[in-house]
Peer 1: 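Can you read through this structure? Questions will come right after.
Values below: every heavy atom of this structure, side chains too, minus hydrogens, waters and symmetry copies.
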Amino acid sequence: MANIFGTTSNGFAYEGEYEPSANGSVRWMATFRFHGIYRGMRHGRVFDASKLPAADLQTAVKDDIEGVWVNVH
């Protein structure tokens with residue numbers, strides 16, 4: 001399991017974790033805050049990602065987190 005954190009393009013800070021899952025996928029979960037106030041939690045899965053180099057895997061997870069949160073808010 002690896003930790004991940006960042007800020008989405010619409011200003012929400014997130015922190016969470018990701019880990020390898022079934023069939024070469026990676027699952028993640030993240031908690032979102034805006035100006036320190038809890039705003040929600042999401043989870044997701046990135047397929048065909050478990051064999052990516054660590055830096056590329058982290059980028060793929062961050063991109064998925066961005067897409068899941070920003071498209072809703």
Peer 1: Going from OG1 on Thr7 to CD on Glu66, what distance comes out if it is rounded to the nearest 0.5 angstrom?
Peer 2: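 These two atoms lie 10.0 Å from each other.
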
Peer 1: Only counting residues at least two apart or in another chain, list the ones meeting ring-ring contact (aromatic ring centres under 6.0 Å, His included) with Tyr14.
Peer 2: Phe32

Peer 1: Are Phe34 and Val68 linked, directly or through other ILVMFWY residues, by side chains that come within less than 4.5 angstrom of each other?
Peer 2: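 Cluster IDs for Phe34 and Val68 match.
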
Peer 1: Could you pull out all residues at least two apart from Arg45 that satisfy side-chain hydrogen bond (donor to acceptor under 3.5 Å, both in side chains)?
Peer 2: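 Result, side-chain hydrogen bond (donor to acceptor under 3.5 Å, both in side chains) vs Arg45: Ser21, Ser25.
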
Peer 1: Test your reading of the model: is there a side-chain donor-acceptor pair from Thr8 to the backbone of Phe12, 3.5 Å cut-off?
Peer 2: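 Yes; at least one donor-acceptor contact below 3.5 Å.
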
Peer 1: Report yes if the side chains of Met29 and Glu17 come closer than 4.5 Å at any heavy-atom pair, otherwise no.
Peer 2: yes

Peer 1: Look up atom CD in Glu19 and atom CE in Met1, then write down how far apart they are to the nearest 0.5 Å.
Peer 2: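 Nearest 0.5 Å value for the CD-CE distance: 4.0 Å.
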
Peer 1: Please find the pair of heavy atoms, one from Arg39 and one from Trp69, that lie closest to each other, and give the distance.
Peer 2: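 Looking at all heavy atoms of both residues, the closest pair is O-CH2, 3.5 Å.
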
Peer 1: Step through the shown structure and confirm whether more than 12 heavy atoms of other residues, nucleotides or ligands are within 6.0 Å of CD on Glu15.
Peer 2: no

Peer 1: Can you give the donor-acceptor pairs under 3.5 Å from side chains of residues 57-65 to other protein atoms, not counting sequence neighbours?
Peer 2:
unit_1, atom_1, unit_2, atom_2, d
Thr59, OG1, Ala55, O, 3.0
Lys62, NZ, Phe5, O, 3.3
Asp64, OD2, Trp28, NE1, 2.7

